[in-house]
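In the text below, chain A, chain B and the rest are named by the order of the sequence lines, each starting its count at 1. Values in this document were obtained by computation on a predicted structure and should not be read as measured data.
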Amino acid sequence: MDRARRGDGAAFGELVRANQEIAFRTAYLITRNAADAEDAAQDGFVKAYRALHRFRPGAPLRPWLLQIVANEARNRRRSAGRREALALRAAAQAPSGGAAPSPEGQAVAADERRRLLELVEALPEDQRLVVALRTFLDLSEQETAAVLGVRPGTVKSRLSRALERLREAHA
Amino acid sequence: MPELETRLRALGAELELPPAPDLAARVVPLLGAAERPQRRWALRLALAAAVVLALLGAVLAFSPGARSAFLEWLGLRGAVVQLVDELPPVTPSQSLEALGERVTLEEAERRVGFDVLQLRGQGRPDAVYVKEPGLVSLVYGRDLDVRLIFSQVAATIDEGFVFKKVGTRGTLVEELTVDGARGLFLTGEPHVFAYMTPDGDFHDEPVYLARDVLLWERGPLTLRLEGELTREQALELAADVR
């Protein structure tokens, strides 16, 4: 980090490598378009490099990076066209644990997962995103707040409303 | 209760997300061109100060993130008005969070380092928000019945905020003179309010769904007054700040 702050591009490259997966996924959940998400993450990292002198030493890096990438992603979401739907991996196996389930059991489990995903996708945009960031990507409350540009308390209350809604819809 | 969250986390692991590209390989070669941050910031501010569109081409070349978004710019020092075809999504319920942290007036002055102006005849503001490094907003009225928001920012080359208004073509922007200084009055269709930080990032979410807005300069400050106002009412209030 110190080397990157002093202008060492290779050191910054290591930071990018360590965070590129989560940055891209975050951008993708916002833009829902792989090409836009790639651009957003790339430009976000370049901006972050340029703004490194403003980064408070000792503060966690990831929320700050993700915030910059998310801003880029939002700028693209507005101008972009096609939005891709989230899909489950075709070869997704039943969750681990216990003996191998029967083919029927697997089919039921796969159906349930598809249904849950549909319910998430049907949430209002702000709730959908908070669920996706907190649970699909496992971002912390602080990281999610940075991405959404809201306070951590808002993340908590929004997530709780979203989960409530999912429970009702799933009942 | 947590069972649903557990299932959602498991679902996340099974999502078919596109593979992340090797961003490090792409980003590192770009870093040489990304140096000299101060210069870029100065250029941004110069753009904000530009009267109208002469630099549009430069903006487009300069800000790849906004390739198609920039149709028109109108600016004051520390303020930019951008007209686009479509507004970004707005969540009015978050509105006041966009103004920053709620503090006392005295605390706001301490943080921004200038004497905060007030609207004479409106009494004490009901709430004061500050967003560092230099944006102060006085809110008159409460909760869903906010009558006026009066924001001020000291915009300099080195640091400061830039107000950014995003409106559609239905937003009317009128240039006028406030107390001898340049001003802009925005009315017509709703527009949104966002801000730009010194590192050049526009933070345009959460956004505030703006009503009629007067933007003007006064001494070193750029001021912004928002409410359901006619042009005359806005000018009257603006003439009476202290």
Side-chain angles (χ1 to χ4, degrees), chain A residues 7 9-10 12-14 16-17 20-21 23-25 28 34 37-43 45-47 49-51 53-54 68 71-72 74-79 84 86-90 92 95 112-113 116-117 120 125-126 131-132 134-138 148-151 154 163 166-167 170, chain B residues 1-2 4-38 40-41 63-69 84-89 91 93-94 97-98 101 166 197-207:
Chain A
F12 186 73
E14 288 167 30
V16 175
R17 203 161 286 116
Q20 60 189 13
E21 183 81 26
F24 171 76
R25 289 176 161 224
Y28 181 75
E38 285 185 16
D39 285 353
Q42 175 182 315
D43 290 358
F45 278 121
V46 173
K47 271 197 174 175
Y49 178 74
R50 198 171 51 75
H53 63 289
R54 294 189 181 279
I68 297 173
N71 281 334
E72 292 295 309
R74 273 191 289 272
N75 284 338
R76 280 166 181 78
R77 181 180 61 183
R78 284 171 201 140
S79 57
E84 294 155 12
L86 292 184
L88 288 169
R89 276 202 299 273
E112 284 215 350
R113 287 197 292 277
L116 186 55
L117 182 59
V120 173
E125 172 77 2
D126 59 344
V131 168
R134 284 287 280 135
T135 67
F136 294 170
L137 296 194
D138 211 10
L148 299 177
V150 300
R151 295 175 187 172
T154 306
L163 292 175
L166 287 174
R167 281 190 196 99
H170 202 47
Chain B
M1 286 283 274
L4 177 58
E5 286 178 66
T6 308
R7 286 174 56 203
L8 286 166
R9 277 176 220 281
L11 191 61
E14 292 180 6
L15 285 178
E16 175 96 72
L17 295 179
D22 184 0
L23 288 169
R26 293 195 199 176
V27 166
V28 171
L30 298 173
L31 297 182
E35 279 163 10
R36 299 189 300 274
Q38 295 305 322
R40 180 169 169 174
W41 172 233
S63 178
R67 276 182 291 259
S68 57
V84 298
D85 282 330
E86 192 179 345
L87 289 179
T91 313
S93 60
Q94 301 167 358
E97 280 183 9
E101 183 185 346
V166 182
T197 50
D199 56 14
D201 282 320
F202 274 123
H203 292 251
D204 40 9
E205 212 171 41
V207 289

A/E112 side chain reached by A/L116 side chain, heavy atoms, under 4.5 Å = no

With a 4.5 Å cut-off on heavy-atom pairs, point out which of A/Y28, A/F45, A/F12 contacts chain B the most.
-> A/Y28

Picking from A/R17, A/E38, A/E125, which has the most non-hydrogen pairs under 4.5 angstrom with chain B?
-> A/E38

Donor-acceptor contact below 3.5 Å, side chain A/Q20 vs main chain B/A20 = no

Less than 4.5 Å apart, any side-chain heavy atom of A/V120 and any of A/T135?
-> no

Specify which of A/L137, A/D138, A/V131 makes the most heavy-atom pairs with chain B at under 4.5 Å.
-> A/D138

Sort out for me which of B/G12, B/A25, B/P21 touches chain A most, counting heavy-atom pairs under 4.5 Å.
-> B/P21

Top contributor to chain A contacts, counting heavy-atom pairs under 4.5 Å, from B/L23, B/D22, B/L17 = B/L23

Relative to chain B, which segment of A/R25 carries a heavy atom at a distance below 4.5 Å: side chain, backbone, both, or neither?
-> side chain

Report the C-alpha distance between A/L117 and B/L11 in whole Å, list the side-chain angles of each, state the deciding distance to 0.1 Å, and finish with yes or no for side chain to side chain contact (heavy atoms under 4.5 Å, CB included).
-> CA-CA 8 Å; A/L117 182 59; B/L11 191 61; 4.1 Å; yes

Are any non-hydrogen side-chain atoms of A/D126 and A/L148 less than 4.5 angstrom apart?
-> no

